[in-house]
Amino acid sequence: MIVRPALDRYALGRQLSMLSNCSSEQLLERGSIATTQHRARRIGITGAPGAGKSTLTGLLAMHRLQEARVGVLAVDPSSPRSGGAILGDRIRMDDLAASEELYIRSVGSRSTTDGLSDNLPEMLDVFDAHGFDEVLLETVGVGQAEYAARCLVDTLALVLLPDSGDAVQAMKSGIMEMADIFVVNKADLPGAQRMVADLQRIAAVSRKHSAEQWRPTVLLTSAKQADSIQKLSAEIDRHQQWLRSAEQESGVQAERARYRLRRIVERQLSAHINQLPHHALRLPLPQQIALVLSQMASNH
């Protein structure tokens with residue numbers, strides 16, 4: 001059994017709340033979060049609404065909790081008008097067995113449109129600083145466009161339903177090239193085996209593998225079948241081991257840094273555009289762009 005300092009839930013909660021409400025300017029003023037060299041393994045769970053991501057994430061967290069400190073960060077959709085979020089993922093996971101080494105937090109998607117949340121890279125850094133071994137990141141489930149999750153996690157699992165048409169949509173959107181593991185959830189429903197065969201066929205066509213590349217697998221899972229959760233957990237471990245053996249960590253860290261920088265710039269750019277007076281929007285487009293860029297430059 002690994003011995004580690006007790007988890008300070010109060011401090012962790014305060015840090016996450018502060019970050020979830022930070023503007024991009026406040027984030028820059030605050031500076032980087034002080035972290036150790038420790039990095040938690042990050043596992044992304046993505047897929048369409050109704051695919052059972054929350055239940056699957058909860059069961060997976062409980063399974064992996066046996067010898068690890070596990071955090072769950074679930075992104076819920078925010079209203080485009082009010083900015084509020086129901087945070088239903090936290091409600092659905094509240095019946096998980098209590099554990100001192102498990103921490104669950106829901107956050108609103110805020111201004112993002114990529115299935116994630118504002119300041120999410122910084123929130124994940126907080127979990128590193130509190131000594132978590134793993135963080136499960138569940139995306140908002142806006143469809144099959146959550147490419148950004150690929151940048152922020154080590155292992156990405158795409159959750160699909162039998163006979164839902166998700167496989168075709170995934171193929172069209174390109175998410176098939178992003179996921180490390182394909183999960184056909186609610187395997188007790190009709191059409192599950194056919195869905196697995198379709199996914200295997202699509203993956204074989206859409207990806208060209210060399211001997212060194214990771215070959216994604218297709219798994220069947222069900223909340224009613226504990227062994228299916230164990231198999232998913234074992235496949236995640238296998239992918240994590242491949243990452244270490246293939247020395248992929250440097251590339252993963254570079255992509256995370258790019259995403260962090262891009263999101264901050266996008267948020268600042270959006271804020272300046274929203275502040276433009278009406279008369280400025282009647283200027284020729286090149287002048288509008290020049291005005292926004294000059295405002296951004298003057299603020300720094």
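Numbers for residues simply follow the sequence, beginning at 1. On a predicted model such as this, the values are computed, not experimentally measured, just so you know.
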Pairing residues for Arg194 by the salt bridge (Lys or Arg N to Asp or Glu O under 4.0 Å) criterion, not counting sequence neighbours: Asp163
Could you give the distance from CZ (Arg41) to CG (Asp237), rounded to the nearest 0.5 Å? 7.5 Å
Option among Asn119, Leu73, Leu12 that satisfies the side chain to side chain contact (heavy atoms under 4.5 Å, CB included) test with Val126: Leu12
side-chain contact (heavy atoms from CB on, under 4.5 Å) with Ala223: which residues, sequence neighbours excluded? Thr55, Leu59
Please step through side-chain contact (heavy atoms from CB on, under 4.5 Å) for the pair Leu60 and Ser233, ending with a clear verdict. CA-CA 7 Å; Leu60 186 61; Ser233 181; 3.9 Å; yes
For Glu255, side chain to side chain donor-acceptor pair (under 3.5 Å) partners two or more places apart: Arg258
Which heavy atom of Asp180 sits nearest a heavy atom of Thr155, and at what distance? OD2-CA, 3.4 Å
Apply side-chain contact (heavy atoms from CB on, under 4.5 Å) to the pair Leu220 and Gln193, showing each step before the final yes or no. CA-CA 8 Å; Leu220 285 164; Gln193 291 292 346; 3.3 Å; yes
Of all residues at least two apart in sequence or in a different chain, which pass the side chain to side chain donor-acceptor pair (under 3.5 Å) check with Gln288? none
So, Asp133 and Arg64, do they make that salt bridge, N to O below 4.0 Å? no
Other than Ile289, which residues form its hydrophobic cluster under the rule that side-chain heavy atoms must be closer than 4.5 Å? Leu285, Leu293
Nearest 0.5 Å, please: how far is OG1 in Thr217 from CG in Leu219? 4.5 Å
Who are the salt bridge (Lys or Arg N to Asp or Glu O under 4.0 Å) partners of Arg9, not counting sequence neighbours? none
Residue set satisfying salt bridge (Lys or Arg N to Asp or Glu O under 4.0 Å) with Asp8, at least two apart, ordered chain then number -> none
Working to the nearest 0.5 angstrom, can you tell me the gap between Leu19 CG and Asp125 CG? 9.0 Å
Got a sec, which pairs hit salt bridge (charged side-chain N to carboxylate O under 4.0 Å, His left out) with one end in residues 217-236, sequence neighbours left out? Asp188-Lys224, Glu235-Arg238
Verify side-chain contact (heavy atoms from CB on, under 4.5 Å) between Arg105 and Ser17, making sure each step is shown before the conclusion. CA-CA 10 Å; Arg105 179 68 177 246; Ser17 295; 2.7 Å; yes
Got a sec, which residues hit ring-ring contact (aromatic ring centres under 6.0 Å, His included) with His130, two or more places apart in sequence or on another chain? none
Which residues share a side-chain contact (heavy atoms from CB on, under 4.5 Å) with Leu261, sequence neighbours left out: Val265
Are Arg42 and Leu137 close enough, and set up right, to give a side-chain contact (heavy atoms from CB on, under 4.5 Å), and what steps lead you there? CA-CA 7 Å; Arg42 299 180 183 180; Leu137 173 63; over 6 Å; no
Validation: residues 276-283 side-chain donor-acceptor distances under 3.5 Å, sequence neighbours left out:
none

Using a 3.5 Å distance criterion without hydrogens, assess whether the side chain of Ser228 forms a donor-acceptor pair with backbone atoms of Ser222. yes
Could you tell me the separation between the CG atom of Leu152 and the CG atom of Leu120, rounded to the nearest 0.5 Å? 5.5 Å
If you compare all heavy atoms of Asp154 against all heavy atoms of Ala40, which two are closest, and at what distance to 0.1 Å? OD2-O, 4.0 Å
Distance check, rounded to the nearest 0.5 Å: Leu160 atom CG versus Asp198 atom CG? 11.0 Å
Val72 and Ala61: which non-hydrogen atoms are nearest, and at how many Å? CG2-CB, 3.9 Å
How close do Ala51 and Asn185 get, heavy atom to heavy atom, and via which atoms? O-ND2, 2.9 Å
At their closest point, which heavy atom of Lys186 faces which heavy atom of Gly50, and how far apart are they? NZ-O, 3.3 Å
Met123 and Val107 have their tightest heavy-atom pair at SD-CG1, 3.8 Å
Donor-acceptor contact present, side-chain Lys53 to main-chain Gly47, <3.5 Å: yes
Return the set of residues passing salt bridge (Lys or Arg N to Asp or Glu O under 4.0 Å) with Arg69 (not counting sequence neighbours), or none when no residue passes. Glu101
Name the orientation class of the two ring planes belonging to Phe132 and Phe127 (parallel below 30°, tilted from 30 to 60°, perpendicular beyond 60°). perpendicular
Value for CE (Met62) from CG (Leu102), rounded to nearest 0.5 Å, stands at 6.5 Å
